[in-house]
**Q** 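The following block contains the structure, expressed as structure tokens.
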Number of protein chains: 2
Amino acid sequence: MSEARKPTEPRAPRQARARAAGEGPRADIAMRPRIVREATRLFSERGFDGTTLQDIAEAVAVTKPAVLHHFPSKEHVQQAVLEEILAHWESTLPRLLLSATAGESRFDAVIGAVYRFFAEDPFRTRVVLRHALDRPKEARALLRDKVRLWVGAVASYIRSGQDKGLHPKDADPEAYVLLVLELIIVAAASFETMKEALPEGARSRATFDRELFRIARVALFPEDRARPESAAKKPALPRATQKRTKNPAPRPSSGAGERKGSNPKSRQGIKSVAPPR
Amino acid sequence: MSEARKPTEPRAPRQARARAAGEGPRADIAMRPRIVREATRLFSERGFDGTTLQDIAEAVAVTKPAVLHHFPSKEHVQQAVLEEILAHWESTLPRLLLSATAGESRFDAVIGAVYRFFAEDPFRTRVVLRHALDRPKEARALLRDKVRLWVGAVASYIRSGQDKGLHPKDADPEAYVLLVLELIIVAAASFETMKEALPEGARSRATFDRELFRIARVALFPEDRARPESAAKKPALPRATQKRTKNPAPRPSSGAGERKGSNPKSRQGIKSVAPPR
DNA sequence: AGGATCGCTTACCATATGGTAAGGCGCTGT
DNA sequence: ACAGCGCCTTACCATATGGTAAGCGATCCT
């Protein structure tokens with residue numbers, strides 16, 4: 001528990017108050033997904049070591065052994081959390097790659113989709129970031145196995161764009177993709193905190209995101225600067241997917257979905273997108 | 001302990017082996033700084049909750065109560081760690097601001113200095129990142145008190161550059177500064193891990209950093225694209241503190257004294273602190 | 001029906017952890 | 001010389017934590 005939580009505090013009545021009311025045995029949805037969801041939130045806020053099984057149990061209103069009834073150990077809970085995130089990522093990947101062909105609007109589509117993946121659920125994003133910090137070894141394996149090919153694919157598109165003179169020759173496609181990815185992740189994970197470094201009036205998520213997209217775009221399409229004022233062409237960013245209303249690729253896993261607000265402006269309220277509670 | 005460390009393991013002889021050899025009582029340097037330094041490393045690797053007092057004690061080769069002799073509690077150790085980082089930051093700040101006047105070379109100076117601050121010691125950077133995740137409240141206060149003004153200052157330089165037509169009009173200076181800051185931090189904190197997503201041949205820190213700087217620069221100076229090949233102008237970003245072997249040649253500015261402990265042994269991946277153009 | 005099973009509870013346990021108490025050792029000032 | 005003190009040690013403690021054992025009521029299956 002990294003946060004201020006006095007150890008001496010009795011920690012409330014806890015136990016023996018689960019389904020007190022007349023709610024049936026498992027009247028509600030399956031327990032496992034609930035555990036995973038709450039654990040995701042808790043891990044994202046306090047980290048794996050800072051979260052106790054008791055915390056998780058309380059969050060889903062059962063007792064500690066009940067959690068261990070569904071998962072052999074705390075580590076397994078974490079594994080499930082990561083797997084769920086990974087599954088969601090992999091179910092999203094194809095969409096990204098399909099959008100990634102060439103040109104600027106494709107750029108918006110791909111970057112917008114990645115952005116949405118991380119911005120739509122900050123808990124998920126923070127868990128990912130924490131995982132990279134806590135278990136670099138495992139994270140490395142994951143990156144090698146699950147992200148590398150994708151980075152290479154997008155990078156090769158960029159490279160072909162370079163050949164056509166679309167992108168600056170001195171750009172390094174792989175590094176670019178990775179950096180933009182990192183930027184999206186860290187922005188999504190820590191905006192609520194980092195925005196405190198912004199002046200009072202300028203703390204809107206929308207403005208922040210717009211600048212993020214601008215930076216990412218101008219790094220590949222510097223000529224945009226040619227018309228510095230007429231931001232006319234600017235396709236309002238992730239609006240990309242917006243047109244793609246057709247073929248609403250099934251969004252399996254995670255009820256946390258809800259990505260229809262693909263407009264970054266309306267997004268801002270991560271709260272709405274994020275898990276309840 | 002988030003990493004794989006079996007709890008059943010006796011954890012080695014530990015205790016009662018501190019200064020076994022004939023090294024005098026406190027023949028070496030003061031204990032406090034050593035504790036702070038080792039704690040910084042441990043917190044950066046395992047997080048605050050994942051690090052035990054025992055871990056810290058072992059790292060400095062004393063017993064647990066010895067650590068508590070120098071600090072009232074584990075929390076106080078963390079506080080000292082953060083204070084040391086903050087002090088270093090504040091001693092560096094003036095240099096940054098002095099360099100920040102206008103023009104592109106100034107840009108390199110400022111961004112290079114910030115980059116160096118974080119890249120030079122990944123432990124420090126990871127602690128900062130973790131702090132933002134673990135204690136958002138405290139981090140927010142810190143950002144408000146210690147970073148905001150600085151962001152505003154740099155942003156206002158950029159704004160004046162916009163008026164002169166130097167920078168794109170649609171850039172948002174504050175958001176830009178914050179985003180570049182975040183990018184530098186996350187890149188410095190996690191490069192060793194993230195690079196695994198890069199193809200075999202392209203994992204050099206130098207290339208990665210060069211792209212980071214390119215992105216940051218082209219977002220403010222899109223016209224650079226005009227000469228895509230002749231990256232000649234790039235003023236060789238501030239050479240790192242690399243050869244700061246002995247007698248730290250006073251940095252060409254501000255009385256910000258180089259803090260002593262700033263050259264920890266074999267700082268992990270800082271090989272090329274500055275992107276070698 | 002009736003037993004197996006699921007999902008969960010209460011009761012426990014071993015260990016690890018942050019922190020305390022008290023004492024020893026060598027250096028310093030007198 | 002020796003009292004005092006800083007620094008650190010061994011011994012200990014209370015609590016919290018991950019995990020286990022065993023039981024219990026509702027549901028399912030035959």
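Numbers restart at 1 for each chain; the letters A, B, ... are given by sequence-line order, proteins then strands.
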**Q** Does D/dC8 have OP1 or OP2 sitting under 4.0 Å from an N or O in the side chain of B/T63?
**A** no
**Q** State which residues pass side-chain contact (heavy atoms from CB on, under 4.5 Å) with A/K195; sequence neighbours excluded, sorted by chain then number.
**A** A/F191, A/E192, A/L198, A/R203
**Q** Output one line per pair: protein atom, nucleotide atom from nucleotides 18-20 of chain C, and distance, for all N/O pairs under 3.5 Å.
**A**
{"unit_1": "C/dG18", "atom_1": "OP1", "unit_2": "B/K74", "atom_2": "NZ", "d": "2.9"}
{"unit_1": "C/dG18", "atom_1": "OP2", "unit_2": "B/L53", "atom_2": "N", "d": "2.9"}
{"unit_1": "C/dG18", "atom_1": "N7", "unit_2": "B/K64", "atom_2": "NZ", "d": "2.8"}
{"unit_1": "C/dG19", "atom_1": "OP2", "unit_2": "B/K74", "atom_2": "N", "d": "2.8"}
{"unit_1": "C/dG19", "atom_1": "O6", "unit_2": "B/K64", "atom_2": "NZ", "d": "3.2"}

**Q** Are the aromatic rings of B/F43 and B/H131 close, with centres under 6.0 Å apart?
**A** no
**Q** With A/H76, which residues qualify under side-chain contact (heavy atoms from CB on, under 4.5 Å), at least two apart?
**A** A/F71, A/P72, A/S73, A/Q79
**Q** Counting just side-chain N and O atoms, does A/H70 come under 4.0 Å of either OP1 or OP2 of C/dC8?
**A** yes
**Q** Going from CG on B/L142 to OG1 on A/T193, what distance comes out if it is rounded to the nearest 0.5 angstrom?
**A** 11.5 Å
**Q** Could you give the distance from CD (A/E83) to CD (A/Q78), rounded to the nearest 0.5 Å?
**A** 11.0 Å
**Q** When the distance from NE2 of A/H69 to P of D/dC24 is rounded to whole Å, what number comes out?
**A**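 In whole Å, D/dC24 P and A/H69 NE2 are 17 Å from each other.
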